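First up is the structure itself, then whatever we jot down about it.
Model, not experiment: these values are computed from the prediction. Chain identifiers are assigned alphabetically (A, B, ...) following the order of the sequence lines, protein sequences preceding nucleic acid strands; residue numbering begins at 1 within each chain.
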Protein chains: 2
Amino acid sequence: MSNLSSPRLIETPTAITQIGRLERVTLGERVHAELRELLMSGELAPGQRMSLRSIAETLGVSIMPVREAVARLVSDQSLEVLPNRAVRVPLMSRARFCELTAVRLAVEGFAAEEAARNRSDADLMAMQRFERAFLDQARSPDPQADQAVRANKELHFAVYRATGLPTLVGIIEGLWLKIGPVLNFDLKISPDRLRTGGAAEQHRRLVAAVEARDGASARKALTDDVKGAASFIESTGRLLN
Amino acid sequence: MSNLSSPRLIETPTAITQIGRLERVTLGERVHAELRELLMSGELAPGQRMSLRSIAETLGVSIMPVREAVARLVSDQSLEVLPNRAVRVPLMSRARFCELTAVRLAVEGFAAEEAARNRSDADLMAMQRFERAFLDQARSPDPQADQAVRANKELHFAVYRATGLPTLVGIIEGLWLKIGPVLNFDLKISPDRLRTGGAAEQHRRLVAAVEARDGASARKALTDDVKGAASFIESTGRLLN
DNA sequence: ACAATCTAACTGTGATCACAGATCGCGGCA
DNA sequence: TGCCGCGATCTGTGATCACAGTTAGATTGT
């Protein structure tokens with residue numbers, strides 16, 4: 001604590017100062033991240049009910065951080081609170097699914113195009129790594145659905161992050177948060193889609209287009225991927241209305 | 001309270017039952033809407049500091065609903081909480097402004113295109129009404145900045161709502177929430193932009209294109225409008241970095 | 001008179017209490 | 001034996017208390 005001159009911000013640049021930004025991580029933030037992961041990975045099925053107090057007990061915190069996290073998820077409609085005061089992950093009507101898919105095609109298609117233009121070499125290598133991980137599961141005789149879901153998500157977001165537009169990535173995260181329960185929960189139920197579905201092929205085209213900095217082809221590959229997943233979900237007949 | 005048969009939902013269809021859905025409106029929701037309106041209309045300048053307790057006292061509620069609303073706004077970066085535990089509306093760097101503008105061009109451009117294709121006659125009439133209101137202020141010798149801001153917002157969102165994609169409208173609201181303080185606060189400071197800027201002309205082109213169901217022209221008019229406002233803001237030199 | 005230090009007030013965050021409303025199951029009447 | 005009605009319990013929401021950390025004002029020492 002040398003205080004030769006002004007005591008403010010004149011500390012020696014030791015290790016402790018170089019840790020840098022220890023970002024503000026509140027308990028509510030942690031709970032929010034936890035629930036978000038569960039939703040995006042399809043761990044929570046549509047219609048699944050939950051209570052603030054049970055979540056709090058499960059995570060070992062008081063209900064205060066939980067209600068903050070849930071309030072945030074409710075506000076962007078990733079969760080919903082019924083008139084009965086019951087919190088659940090929303091059911092998906094066919095109309096809402098189509099709407100979300102339309103928005104995804106526009107937004108994520110734009111992101112793919114932009115990623116092909118702005119990608120760095122590091123971005124490309126990350127995509128290739130996750131594409132390989134997904135392929136391993138798709139070709140495996142005993143595919144692990146959750147591993148495939150994870151690799152698929154990482155691949156897509158590696159592309160989206162390559163745009164250099166974090167705001168856009170945040171928007172897409174919001175979309176995945178809403179559609180994740182339907183998309184990935186069904187994938188876990190019927191893992192044979194990994195082989196039959198053309199996801200692996202679209203991923204290959206996507207990464208190749210990004211590597212060649214071909215925006216139009218990247219958009220086409222990604223929208224084909226999204227459309228393929230969407231038509232599979234619609235064919236399951238699990239959507240309402 | 002006649003209970004001839006089952007007491008559940010067998011009430012006579014009087015006025016009280018026809019009020020219908022009184023949607024769940026919590027206090028936190030009200031506070032959130034209030035703060036959102038202040039941000040989007042530029043009532044709160046970038047850098048403006050605020051405290052939960054002062055907001056609570058101003059609005060006449062306890063701090064519980066306020067902290068919920070503020071937490072939601074912080075989570076999508078419409079507000080920020082400094083390491084000092086001070087809540088403020090974020091400052092805008094030039095880089096972040098350019099990023100937000102790029103995303104706006106893509107997302108709102110798509111929305112304009114879609115609106116031109118899907119608009120109803122009622123949608124069109126709403127747009128025309130708000131275009132007229134904006135024009136009245138732009139041509140007025142004594143333009144009211146807040147009225148112009150309001151008309152501009154209503155016109156844009158009349159277009160976005162015409163897409164029939166409420167998810168997309170929500171995304172754009174999020175973008176306006178972040179960029180509103182800069183955009184509209186500067187507009188209020190220098191209201192002569194109403195006359196010099198070409199906003200009125202772009203609005204005319206936009207509404208005409210939507211009326212003609214010309215998607216490409218609608219996108220062009222809207223992106224020109226956004227670009228015009230952006231270049232004006234950049235010219236003020238009020239952005240950081 | 002000036003500056004350094006210390007204290008008191010204020011900050012967001014987490015925990016606990018309080019409450020209206022809804023749900024479900026058990027007891028009692030027919 | 002079957003069904004209605006009431007109460008215990010659980011729900012989210014709001015208020016209040018508690019606390020660590022920061023800030024700014026005032027006071028004191030030089």
**OP:** With the side chain of E68(B) defined as its heavy atoms from C-beta on, choose the nearest nucleotide among dG14(D), dT16(C), dG12(D).
**Re:** dG14(D)
Original post:
Is the number of heavy atoms from other residues, nucleotides or ligands within 6.0 Å of CZ (R49(B)) greater than 12?
Top reply: no
Subject >> Length of the CG-C1' vector between L52(A) and dT13(D), whole Å >> reply: 9 Å
Original post:
Under the 3.5 angstrom rule, does the side chain of Q137(A) hit a backbone N or O of Q144(A) as a donor-acceptor pair?
Top reply: yes
**OP:** Classify the nucleic acid contact of V87(A) as base, sugar-phosphate or nothing, counting any heavy atom under 4.0 Å across all strands shown.
**Re:** sugar-phosphate
Original post:
Using 4.0 Å as the upper bound for N to carboxylate O, is an ion pair formed by R36(A) and E173(A)?
Top reply: yes
**OP:** Specify the separation, in whole Å, of atom CD1 of I55(B) and atom C1' of dA15(D).
**Re:** 18 Å
Original post:
L82(A) CG to dA22(C) C1': how many Å, rounded?
Top reply: 12 Å
Original post:
Quick one: is dG14(D) close enough that its OP1 or OP2 comes under 4.0 Å of any side-chain N or O from S62(B)?
Top reply: no
Original post:
Looking at E99(A), Q77(A), R104(A), which one forms a side chain to side chain donor-acceptor pair (under 3.5 Å) with T167(B)?
Top reply: E99(A)
Original post:
What's the closest nucleotide to the R53(A) side chain, out of dG12(C), dG12(D), dA15(D)?
Top reply: dG12(D)
**OP:** Using heavy atoms to find the nearest nucleotide of DNA chain C for G60(A) and M50(B) separately, return the residue whose nucleotide is more 5′.
**Re:** M50(B)
Original post:
Which of the following nucleotides, dG12(C), dG14(C), dG12(D), is nearest to the side chain of R67(B)?
Top reply: dG14(C)
Subject >> Rounded distance in Å - CE (M64(B)) to C1' (dC19(C)) >> reply: 14 Å
Original post:
So Y160(A) and H156(A), would you call those rings parallel, tilted or perpendicular, with 30° and 60° as cut-offs?
Top reply: tilted
Original post:
Whole-Å distance between dT11(C) P and R85(B) CZ?
Top reply: 12 Å
Original post:
Roughly, in whole Å, what's the span from CD1 in I63(A) to P in dA18(C)?
Top reply: 14 Å
Original post:
Between atom CG in L27(A) and atom P in dG12(C), what is the gap in whole Å?
Top reply: 18 Å
Subject >> Protein-nucleotide distance (R49(B), atom CZ; dA24(D), atom P), rounded to Å >> reply: 7 Å
Original post:
In terms of side-chain heavy atoms of T26(B), which of dT13(D), dT11(D), dG12(C) is nearest?
Top reply: dT13(D)
Original post:
Taking only N and O in the side chain of N84(A), is any of them less than 4.0 Å away from OP1 or OP2 of dG21(C)?
Top reply: no
